[in-house]
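These numbers come from the heavy atoms of this one structure, side chains and all, not from hydrogens, waters or symmetry mates.
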2 protein chains.
Amino acid sequence: MRLAELSRRSGVSPATIKYYLREGLLPAGARVSATQAEYDEEHLRRLRLVRALVQVGRVPVATARRVLAAVDDESAGQFDRLGEVVTALPHGPAPDDDDHATARARETADEVQRRLGWRAVPGNPAHQALVAALAALVRLGYPASVEDVMPYGRVAADIAEHELAVIDEFEASTTQLEAAVALTVLYEPVLLNLRRLAQANEAGRVFRIDAEAGD
Amino acid sequence: MRLAELSRRSGVSPATIKYYLREGLLPAGARVSATQAEYDEEHLRRLRLVRALVQVGRVPVATARRVLAAVDDESAGQFDRLGEVVTALPHGPAPDDDDHATARARETADEVQRRLGWRAVPGNPAHQALVAALAALVRLGYPASVEDVMPYGRVAADIAEHELAVIDEFEASTTQLEAAVALTVLYEPVLLNLRRLAQANEAGRVFRIDAEAGD
DNA sequence: GTCATTGGAGAGTGGCACTATCCAATCATG
DNA sequence: CATGATTGGATAGTGCCACTCTCCAATGAC
């Protein structure tokens, strides 16, 4: 199919598809002549994945390129590619200054991971972002002790175990990696928005009861 | 204290503090003369909250203004203010087109909420964002059935119940609302990054065993 | 043969979170 | 009281990012 049809079938504007081609998010089509290229179903699928990552998963375009390159890199082993993928995916900001709050947050993060039996990797961007978030809570005086964080850690462990089981069912290593990326990135907003809905629901219960009791 | 000292104590540049004052994220200081203003500890605390929301929570500045205005609005009741806060907080994008995938996603979202005993509010931005994320999964052919999503819903319900209990322990309604905002926004990266760490840990177990077994 | 279409390249746009520059009023100091 | 530094407010500018617009030569369809 031509670029115009790829655009029509995906709902992505031709200009944006050209942009993705330029940025290396989408492999070039098979050049059928000097001014025409042919795209197939695989291009359509990849384009949909890119759109999902960028729009729903809020992955920056430059990051998506790195992630997809790691997924496609047949030369490296599966475990190394997965490592590249998870470190390339966007995380929060790393802690900017090493104050008291950051130090306490780091201790908390380490202890939580120890209790869950995880190997703590201090350089891991997810670890850094976790410390930064906990440090912000500490700075504001909100609860962020090991006991406060542990419930989230247990929940995360449950979810991850379930997700890896799902990923492991895919056959080829490239489809496994693509599934890992898609499920990691796209179930993120699912989880967050379900949490928001649960909070709204729970808040309705708690505060309405309070209000009925006379505030 | 003067703006310069507020800057020193918070680590935020004077130019950025001025920007926040202009944008209404930070109330003006007490004007002590035509060219001088006095800031107190409350300003410092608010500034730290703003920084945490904007930097760690990735809340857009315009959104933070709405959220903080609702927290401060003494004229409205607590429940209404909380409603304004949760709808103002950033969510993912709403579904852009109403195709087959979106329709299926909507059904799934409704059924999950029904099973969890939540009142489904279709106009809720969190609901919209949930549908958009599920639609993206459906479009890519990844598992997004009611059974796939329910574990996340149960986890969200557990977390929310725990969080509301924490919030309910704060005394004044303004501090409760501020706590609701801070905990909702700042525990989000905590949860997400713990999930990433759990995934990395679980992936290490699964794929290393696979590799040892001969790939 | 003619004219609309295609794909590639480069520059331009709009939004956002700052950031740099001015400026007049004021404060501390001698 | 003179004077130079500081302060806070206003305005314009910067850098980044995800597109989007415009142009163009080569081509394909009729």
Side-chain angles (χ1 to χ4, degrees), chain A residues 1-40 43-44 47-68 88 90 92-93 96 185, chain B residues 1-40 43-44 47-68 88 90 92-93 96 185:
Chain A
M1 82 190 91
R2 295 286 179 270
L3 194 148
E5 190 182 346
L6 191 63
S7 164
R8 207 170 32 69
R9 288 230 272 156
S10 64
V12 180
S13 80
T16 301
I17 295 177
K18 290 181 186 180
Y19 167 62
Y20 289 160
L21 285 166
R22 244 177 297 153
E23 295 296 318
L25 296 187
L26 207 56
R31 288 257 285 286
V32 87
S33 84
T35 64
Q36 301 237 317
E38 182 76 17
Y39 303 92
D40 57 20
H43 285 95
L44 180 59
L47 178 55
R48 284 208 251 254
L49 177 61
V50 167
R51 268 273 116 166
L53 293 184
V54 170
Q55 287 208 324
V56 180
R58 304 191 173 286
V59 177
V61 166
T63 304
R65 176 178 44 231
R66 276 188 61 194
V67 169
L68 294 172
D96 50 347
V185 172
Chain B
M1 79 188 93
R2 295 288 179 270
L3 194 148
E5 190 181 346
L6 190 62
S7 165
R8 209 170 30 72
R9 287 230 271 157
S10 63
V12 180
S13 80
T16 301
I17 295 176
K18 289 182 187 181
Y19 167 62
Y20 289 160
L21 286 166
R22 245 177 296 149
E23 295 297 319
L25 297 187
L26 207 56
R31 288 256 286 282
V32 87
S33 83
T35 63
Q36 301 237 315
E38 183 75 17
Y39 303 92
D40 57 18
H43 285 94
L44 181 59
L47 178 55
R48 285 207 251 253
L49 177 60
V50 168
R51 268 272 116 165
L53 293 184
V54 171
Q55 289 209 324
V56 180
R58 307 192 171 285
V59 177
V61 165
T63 304
R65 175 177 46 232
R66 277 188 61 192
V67 169
L68 293 172
D96 49 349
V185 172

Handout entry: Residue-level proximity of residues 9-20 of chain B to DNA chain D when a heavy atom falls under 4.0 Å
Key = Lys18(B)

Handout entry: Sidechain-backbone polar pair: Thr63(B) side chain, Pro90(B) backbone, donor-acceptor under 3.5 Å
Key = no

Exercise for the section: Scan residues 27-35 of chain B against DNA chain D and write down, sorted by residue number, each residue with any heavy atom closer than 4.0 Å; if none is found, say none. Expected result: Arg31(B), Thr35(B)

Problem - side chain to side chain donor-acceptor pair (under 3.5 Å) partners of Arg9(B), counting only residues at least two apart - result: Glu41(B)

Fill in the blank from the handout: By side chain to side chain donor-acceptor pair (under 3.5 Å), Asp40(A) pairs with (sequence neighbours left out) His43(A)

Fill in the blank from the handout: If each end axis of the helix from dG1(C)-dC30(D) to dG30(C)-dC1(D) is fitted on five C1' pair positions, the angle between them, to 10 degrees, is 10°

Handout entry: Separation of dC27(C) C1' from Glu38(B) CD (nearest whole Å)
Key = 14 Å

Practice task
Any pair with a residue in residues 51-62 of chain A that passes side chain to side chain donor-acceptor pair (under 3.5 Å), sequence neighbours left out, goes on the list, sorted by first then second residue, please.
Solution key: Tyr20(A)-Arg51(A)

Exercise for the section: Send over the distance from Leu21(A) CG to dG8(C) P, rounded to a whole Å. Expected result: 7 Å

Exercise for the section: Could you check if a side-chain atom of Val185(B) sits within less than 4.5 angstrom of a side-chain atom of Val67(B), using non-hydrogen atoms only? Expected result: no

Handout entry: Interface limits on DNA chain D, where chain B has a heavy atom under 4.0 Å of a nucleotide atom
Key = dT7(D) to dA12(D)

Completion exercise
Closest of dG7(C), dT19(C), dA17(C) to the Arg22(B) side chain is dT19(C)

Handout entry: 5' priority, DNA chain D, between Ala62(A) and Arg2(A) [closest heavy atom]
Key = Ala62(A)

Exercise for the section: Just jot down the side-chain contact (heavy atoms from CB on, under 4.5 Å) partners of Ser13(B), sequence neighbours excluded, or say none. Expected result: Ala15(B), Thr16(B)

Exercise for the section: Could you check how far CG of Leu26(B) sits from C1' of dC18(C), rounded to whole Å? Expected result: 15 Å

Practice task
Heavy atoms only: give me the nearest Leu47(A)-Leu26(A) pair and the separation to one decimal.
Solution key: N-CD1, 3.7 Å

Practice task
Applying side-chain contact (heavy atoms from CB on, under 4.5 Å), run through Leu6(A) and Val12(A) and close with a yes or a no.
Solution key: CA-CA 8 Å; Leu6(A) 191 63; Val12(A) 180; over 6 Å; no

Exercise for the section: With heavy atoms under 4.0 Å as the rule, sort Arg65(A) into base, sugar-phosphate or nothing. Expected result: nothing

Practice task
Please check if the side chain of Glu38(B) supplies one atom and the backbone of Ala30(B) the other of a donor-acceptor pair under 3.5 Å.
Solution key: no

Exercise for the section: Can you sort out the partners of Arg65(A) under side chain to side chain donor-acceptor pair (under 3.5 Å), two or more places apart, ordered by chain and number? Expected result: Glu23(A)

Exercise for the section: Using the test side-chain contact (heavy atoms from CB on, under 4.5 Å), find all partners of Arg22(A) that sit at least two apart in sequence or belong to another chain. Expected result: Lys18(A), Tyr19(A)

Problem - Residue pairs involving residues 26-36 of chain A (criterion salt bridge (Lys or Arg N to Asp or Glu O under 4.0 Å); sequence neighbours excluded) - result: none

Problem - side-chain contact (heavy atoms from CB on, under 4.5 Å) assessment of Leu21(B) paired with Leu3(B) - result: CA-CA 11 Å; Leu21(B) 286 166; Leu3(B) 194 148; 4.1 Å; yes

